[in-house]
Every structure is written in C-alpha cells, then in structure tokens.
2 protein chains.
Amino acid sequence: MGPIRAMLADVGITEQQWRVLRVLDEGGAMEPTRIAEEACLLLPSLTRILQKLEERGLIARHRDPGDKRKQIVEIAPTGAEVIARNLGTSVALNDAVRDRLGAERYETLLDLLNELASKDGVAARAQDV
Amino acid sequence: MGPIRAMLADVGITEQQWRVLRVLDEGGAMEPTRIAEEACLLLPSLTRILQKLEERGLIARHRDPGDKRKQIVEIAPTGAEVIARNLGTSVALNDAVRDRLGAERYETLLDLLNELASKDGVAARAQDV
DNA sequence: TTCATTTAGTAAACATGTTAATTACAAAAG
DNA sequence: CTTTTGTAATTAACATGTTTACTAAATGAA
C-alpha cells in the first residue's frame, strides 16, 4: 500500500475522498461540477463520494437558492479536522516524491502531464503523480 | 469517450482486456503473474479479466505441468484476430498523441514516469499516457 | 408562452482498483 | 520426514471508473 493511502487508511478515508475534502478546504464551498473538475473525478463517482462523506458528517450540502439544479457543498468542522491533522504528512510525502526526482524534473513532469491533459482524448493528469 | 476506448467499444472489449491480449500476442504464452506485471494490473483484477476473455474464447488456459500452482495462458486465434484487425489503428492513435507533444518531450515524459514507477510507493506508470 | 435544447445531478450496470483472506502447491528448514 | 515459510492464483468486499439513461430545472428560440 502506498504511503499516502496508508496514512489515509488510518483515518478511514480513501485517496479520492481526501482529494474532495482538500478541494473544499482550500477552495471553500462550491457545487459538485466544480469539485469534480478540481479533483479530477467524473460526476457519477463524485455523487457516490459525496453521499459517503455526508453520511460521515465530513461535509454538508444544501440546494442553491438561485439555481435549484445546483447544490452547494461545504466542508464540515469534522472534515476540516481531518485535513488539519493530516495535511502536514501529506505535504511531506509529496515533497519526498518531488525530491527523489529532483525539483526541476518534477516540474517538467507536471508540465508535460498538464499539457497532455489540456488536449482531448488523453487521460493523463498531474494528479496521477 | 477517448478515441482508444471508442475503437475498443466497437470490438466489445475494454482497455485492460486489450492490454492483456497485446501482451500475450507480443510475448507469447505466459503465466498470470507475468501478464499482470507486463500489463500493469494487480492479480485480482487480472483474474477477472482472464475469466471473461476465456468465456469469450479470446484466450486459452491450462495448468503448468511442472508447477501445478501456475497456469499457462495463451492467446486464441479469435483473440489474435482482434489484435490484427485493430493494432494499426491503436498504433496510429498512440502516434498522434506523441506527435501532439513532440517526439523528444514524449520520450522525456516516458522516462520520468518510468523513473517514478521504479521507486516504491509511487503509482505513476508510463502506460497511463 | 411554448417547445426544444442545455445544464446539474443522480441512478444503474458493468468493469476495474485495492486490500485482506484463503486455497493449493512448492521449497526450505528443522 | 514434517513443519514452516513462501509463491501462484482466486475469492470476497468495498470503492472508484466509465458509459448510458434519466429527472429536474434553466435557457433560448419561435
């Protein structure tokens, strides 16, 4: 098991759930469509993830008063706690990966992946690193 | 749907099934553990994939006479047909991706991904491109 | 206004990802 | 020889990936 997943397994959440919580923690309340884009998830996957995060009380949702199709998702205090308690370790693990490759080559890799991601029909994403 | 998956959807197989067939077509008969490594799949996933490919008659399996724990998987004529009829398109689509990025930068990307893949705890693989 | 179209989100169905447990067999240790 | 340890593959359980279909609501044009 990867070190990141091992850390999250202790908390009882998955990598994808962690990404959703981080997006909400950093970007504030937003609608699912935007969460999906930021976290590199398809909407059907996100639907299930949000259901589970809501059951656990890690997020809260309510309909958008202006557009009743939309909803607004925000991180709950419990969810913010999870982020606060693990963000340091997460960043350290990510830095370790970057250092193993070297800062310059790491940036090159992210650039190439993002360029591929910006074109149609390509599945690569910088988040895969 | 990505162009590769679109092509395979016409044939009725998935990307992973396609990878397994290609590995067997190029590398000849081999045991599941080696297939998994070549196709970047975990054994539990491969177990299910082989079951489906066998049901459709695209592969054939028999136990290894020397080591009864192992089995030997080989591509069936029907499976080889699938490869033969689609390999050209597959290669052309892959070349298109390489050309969009440029040959040199494409090689750089593969090198960086393979270097990451060679280290523990990193999930990136060149096959993701 | 009315109807066609688009957008946001969900549901369903099937395939794979991922981890833990299990079976069967092989190999090494005692 | 037999007990232990390791290996190959499968199974189970749960989460996500992926496509298609569907509902509800907003938009836009006639």
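Chain A is the first sequence line, chain B the second, and so forth, proteins listed ahead of strands; every chain is numbered from 1. Since this is a predicted model, take the numbers as computed values, not measurements.
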- Taking only N and O in the side chain of A:Ser45, is any of them less than 4.0 Å away from OP1 or OP2 of D:dA15? no
Separation of D:dG17 atom P from B:Leu42 atom CG, nearest Å, is 15 Å
(Q) Under 4.5 Å between side-chain heavy atoms, counting indirect links through other Ile/Leu/Val/Met/Phe/Trp/Tyr residues: same cluster for B:Ile83 and B:Val11 or not? (A) yes
Between the main-chain N or O of B:Ser90 and the side-chain N or O of B:Asn94, is there a donor-acceptor pair closer than 3.5 Å?
no
Whole-Å distance, B:Ile4 CD1 to D:dT18 P, equals 12 Å
Task: Side-chain donor/acceptor of A:Arg63 to base of C:dG9, under 3.5 Å - done: no
Main-chain N/O of A:Lys68 paired with A:Arg63 side-chain donor or acceptor, under 3.5 Å:
yes
Rounded to whole Å, CG of B:Leu53 lies from P of D:dA9 at a distance of 16 Å
From CG of A:Leu43 across to P of D:dA21 the rounded distance in Å is 18 Å
**Message:** When you measure from the side chain of B:Gln17 to the backbone of B:Thr14, do you find a donor-acceptor pair of N or O atoms at a distance under 3.5 Å?
**Reply:** yes
- Ignoring backbone atoms, establish whether B:Arg5 has a side-chain N or O less than 4.0 Å from OP1 or OP2 of D:dT19. yes
- prompt: Between the base of C:dG9 and the side chain of A:Arg61, is there a donor-acceptor distance below 3.5 Å?
  reply: no
In whole angstroms, the gap separating P of C:dG17 from CE of A:Met1 amounts to 18 Å
- Item | Distance below 4.0 Å between B:Gln17 side-chain N/O and C:dT16 OP1 or OP2 | yes
It should be established whether B:Gln16 places a side-chain nitrogen or oxygen under 4.0 Å from OP1 or OP2 of nucleotide D:dG17. no
Taking 4.0 Å as the cut-off, does a side-chain nitrogen or oxygen of B:Gln71 come that near to OP1 or OP2 on D:dT10?
yes
From CG of B:Asp64 across to C1' of C:dC25 the rounded distance in Å is 12 Å
Under 4.0 Å, counting only non-hydrogen atoms across every strand here, what does B:Leu46 touch: a base, just sugar-phosphate, or nothing? nothing
Rounded to whole Å, the NZ-C1' distance (B:Lys70 to C:dA27) equals 12 Å
When rounded to whole Å, the CZ to P distance for the pair B:Arg69 and C:dA27 reads 6 Å
Side-chain N or O of B:Thr47 closer than 4.0 Å to phosphate OP1/OP2 of D:dT11:
no
Sub-3.5 Å donor-acceptor pair from the side chain of B:Asn86 to the main-chain atoms of B:Val82, do we have one?
yes
Is the phosphate of D:dT11 approached by B:Gln51 (side-chain N or O, under 4.0 Å from OP1 or OP2)? yes
So, is A:Thr33 close to the C:dT7 phosphate, meaning a side-chain N or O under 4.0 Å from OP1 or OP2?
no
Between A:Asp67 and A:Lys52, whichever has its closest DNA chain D nucleotide further toward 5' is A:Lys52
Salt bridge B:Glu107-B:Arg98, side-chain N to carboxylate O under 4.0 Å
no
The nucleotide from C:dA13, C:dT19, D:dA9 with an atom nearest the side chain of B:Pro44 is C:dT19
